[in-house]
Student: 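Here's a structure for you.
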Amino acid sequence: MQLPTPFIEKYQRLLGEEAPAFFTALTDNQPVKGFRLNVAKPHAQAMLAKYGPAAVPAPYAEAAYIGEVKGRSLLHQAGYVYSQEPSAMIVATIAAAQPGERVLDLCAAPGGKTTQLASQLQGKGLLVANEIFPKRAKILSENVERWGFPNVVVTNQAPQELSRHFPQFFDKIVVDAPCSGEGMFRKDPVALEEWQADTPEQCAIRQKDILAQAVAMLKPGGQLIYSTCTFAPEENEAMMAWLMEEYPFAIEAIDLDNVSHGRSEWGEAPGIEKTIRLWPHLNQGEGHFAAKLTSQAEAAPVKKKKKGKGATAKSPLDAATQKLWQAFRKGFPFLQALNATPQLLGENLWLVPEEMPSLKGIKFMRPGLHVGVVKKNRIEPSYALALAIHAEEGAPIVPITLPQWQQYVAGETLSVSGNAGWVILTVDEIPVGFGKQVQGTVKNFFPKGLRFKAI
């Protein structure tokens, strides 16, 4: 790797005697790969031991491991594991979302932080995961679907658009801000190629705009977690100094081992030394900065939104659909315990979290748990429902082998004796999707757009 000359000159000046070790770590050391385990999935540890890679515990997060998982593997496709660089896990660890809270992941794609926050909430409260770019929002939505928690809404909005719908709404907001990506140089050649001497300054302008919208959506007394994957002081300590000049925040201490801390010479703000940094020559993983701040603002009057009308408002189902829904949900006991409202959008039936305001005017990819598609006199269950946490409890189960799963994800019909109708297919204890078993044949309902040749 050849580092840009302006980058070298900048960090020679900023780091002094540390600079040689810093440059060596960037250019000579290899990035570390890791993943997290979804412990809410059935028999997660046992299935990891059987189907996962050899792995050792990783720092900075619970149920985190050093090792590599493939995107087309059984465990990844079933939402048992999520591939994530270990030091990136530190952001959601700092957020420490509590069950019942309202949480926003404002710059959420591809979904590492979102899935970690969802695990922390344990299906209780509300998690809104937002991504401005549609293609990345689609990937985010697919990762949320596999992870299986029903209280996650995926939106596709610019922050300034989203803030109009959620004034002073969230208990916690995570802003993993778009940045110059200096901390990713050794794992992302594109970040290295695109870096220019003024990239941090340009990114800082956008970060201020994003933070201003985040502040508008945070409850008084709520917590803002700000992070980047860059070393640049302009986007880190200096950004926190700007934020605290503009808005009433206090920086909170972060109790973690094996971390470095923010440097007051790079940004003058009370408590700046409580922020944390990860350096490749001092800590495990890539480069990161993170800060946890508590709002000191007083509550301001918030104009209540009027209830929306039409298909995007929370409204009762029509009588025919309600009858289908009541019969359908009896086959999935876990659905009856969810704090969510059934809502028909087109022919798709969703369970929208009760904590979610009206969907009217919000561009979303996933307004909650996709239950299924309403057809004439029936509801066809969705792929998301099969992967939802606790979906397999009480539902008809048909075990299949790993080779049969490989056939299933490729779109092939399976031969399994029985005539049980709609069933959840499982490999060992791993739910992998729905099939319809009729006289020894299992018709394939793995989504056509997701089919692939498994490894």
Side-chain angles (χ1 to χ4, degrees), residues 33-58 61 63-86 89 110-112 114-116 118-119 138-149 369-370 381-393 395-416 418 422-437 442-455:
K33 295 183 178 180
F35 64 91
R36 286 182 295 103
L37 177 66
N38 188 349
V39 296
K41 292 282 187 173
H43 306 277
Q45 290 288 353
M47 295 301 98
L48 175 63
K50 185 168 184 178
Y51 294 102
V56 296
Y65 299 89
I66 302 294
E68 183 176 5
V69 293
K70 301 293 186 180
R72 292 188 172 186
S73 66
L74 169 64
L75 290 180
H76 180 267
Q77 288 295 318
Y80 272 63
V81 295
Y82 185 94
S83 180
Q84 189 177 20
E85 190 271 309
M89 303 174 190
T114 296
T115 53
Q116 194 175 348
S119 293
K138 182 175 182 294
I139 294 170
L140 169 65
S141 183
E142 290 173 357
N143 284 324
V144 166
E145 179 176 70
R146 284 189 285 263
W147 207 246
F149 286 93
L369 174 62
H370 187 208
S382 72
Y383 179 56
L385 183 62
L387 299 188
I389 304 300
H390 303 306
E392 78 289 348
E393 297 175 4
I397 298 294
V398 168
I400 61 175
T401 64
L402 185 60
Q404 285 177 314
W405 173 76
Q406 293 171 334
Q407 292 177 282
Y408 175 69
V409 297
E412 298 177 25
T413 298
L414 305 179
S415 295
V416 183
W422 287 105
V423 295
I424 293 180
L425 303 175
T426 62
V427 179
D428 276 349
E429 306 290 346
I430 303 173
V432 295
F434 275 106
K436 192 171 186 180
Q437 188 185 42
V442 178
K443 296 180 180 179
N444 196 314
F445 282 84
F446 190 77
K448 291 182 179 179
L450 298 178
R451 291 176 182 178
F452 64 95
K453 185 175 181 180
I455 58 173

Student: Could you give me the CA-CA distance, side-chain angles and deciding distance for Ile400 and Leu414, then say whether side-chain contact (heavy atoms from CB on, under 4.5 Å) is met?
Tutor: CA-CA 9 Å; Ile400 61 175; Leu414 305 179; 4.1 Å; yes
Student: Supply the atom-to-atom distance Glu429 CD to Lys41 NZ, rounded to the nearest 0.5 angstrom.
Tutor: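 That separation rounds to 13.5 Å.
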Student: Could you tell me whether a side-chain N or O of Ser382 sits under 3.5 Å from a main-chain N or O of His370, the two making a donor and an acceptor?
Tutor: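 Yes: the side chain of Ser382 pairs with the backbone of His370.
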Student: If you look at every heavy atom in Thr401 and Val427, which pair is closest and at what distance?
Tutor: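 Closest heavy-atom pair between Thr401 and Val427: O-CG2, 4.1 Å.
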Student: Return the CG to OG distance between Leu37 and Ser119, rounded to the nearest 0.5 Å.
Tutor: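 Nearest 0.5 Å value for the CG-OG distance: 9.0 Å.
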Student: First locate atom CD of Gln84, then atom OG1 of Thr115, and finally report the distance between them rounded to the nearest 0.5 Å.
Tutor: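 Atom-to-atom, Gln84:CD and Thr115:OG1 are 6.0 Å apart.
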Student: Check the orientation of Phe434 and Trp422. Use parallel for under 30°, tilted for 30 to 60°, and perpendicular for over 60°.
Tutor: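 Perpendicular, since the angle between the ring planes exceeds 60°.
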Student: Is the distance between the ring centroids of Phe446 and Tyr408 under 6.0 Å?
Tutor: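 Between Phe446 and Tyr408, the centre distance is under 6.0 Å.
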Student: Locate the shortest heavy-atom distance separating Ala44 from Tyr80; write the atom from each residue and the value.
Tutor: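 Closest heavy-atom pair between Ala44 and Tyr80: CA-CE2, 3.9 Å.
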Student: Look only at the side chain of Gln437 and the backbone of Val416, and say whether a donor-acceptor pair between them is shorter than 3.5 Å.
Tutor: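 Pair found, side chain donor or acceptor close to backbone of Val416.
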Student: Could you go through the side-chain contact (heavy atoms from CB on, under 4.5 Å) check for Lys50 and Asp428 one step at a time?
Tutor: CA-CA 10 Å; Lys50 185 168 184 178; Asp428 276 349; 2.7 Å; yes
Student: Can any side-chain N or O of Gln77 pair as donor or acceptor with the backbone N or O of Gly71 at less than 3.5 Å?
Tutor: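 Side chain of Gln77 to backbone of Gly71, a donor-acceptor pair under 3.5 Å: yes, one is there.
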Student: Is the backbone N or O of Thr413 less than 3.5 Å from a side-chain atom of Asn444, with the two atoms forming a donor-acceptor pair by type?
Tutor: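 Not confirmed, Asn444 side chain does not pair with Thr413 backbone.
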Student: Measuring from atom CD1 of Ile424 to atom CD1 of Ile430, what distance do you get when rounded to the nearest 0.5 angstrom?
Tutor: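 Reported to 0.5 Å precision, the distance equals 14.0 Å.
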Student: Work out which heavy atom in Ala388 is nearest to a heavy atom in Leu369; give both atom names and the distance.
Tutor: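 Taking Ala388 first and Leu369 second, the nearest heavy atoms are CB-CD1, 4.1 Å.
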Student: Which distance, rounded to the nearest 0.5 Å, do you find between the CD of Gln45 and the NE2 of His43?
Tutor: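 Between Gln45 CD and His43 NE2, I get 12.5 Å after rounding to 0.5 Å.
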Student: Return yes if some donor-acceptor pair links the side-chain N/O of Arg36 with the main-chain N/O of Pro86 below 3.5 Å, else return no.
Tutor: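 Not a single qualifying donor-acceptor pair exists.
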Student: For Ala55 and Tyr65, which heavy atoms make the closest approach, and how far apart are they?
Tutor: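 Looks like CB-CB, 3.7 Å.
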Student: Looking only at heavy atoms, what is the nearest atom pair of Glu145 and Tyr383, with distance?
Tutor: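 Here Glu145 and Tyr383 meet closest at OE1-CD2, 3.4 Å.
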Student: Looking only at heavy atoms, what is the nearest atom pair of Val432 and Thr426, with distance?
Tutor: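 Distance-wise, the nearest heavy atoms are CG2-N, 4.4 Å.
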Student: Can you tell me how far OG1 of Thr114 sits from CG of Asn143, rounded to the nearest 0.5 angstrom?
Tutor: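 OG1 of Thr114 is found 9.0 Å from CG of Asn143.
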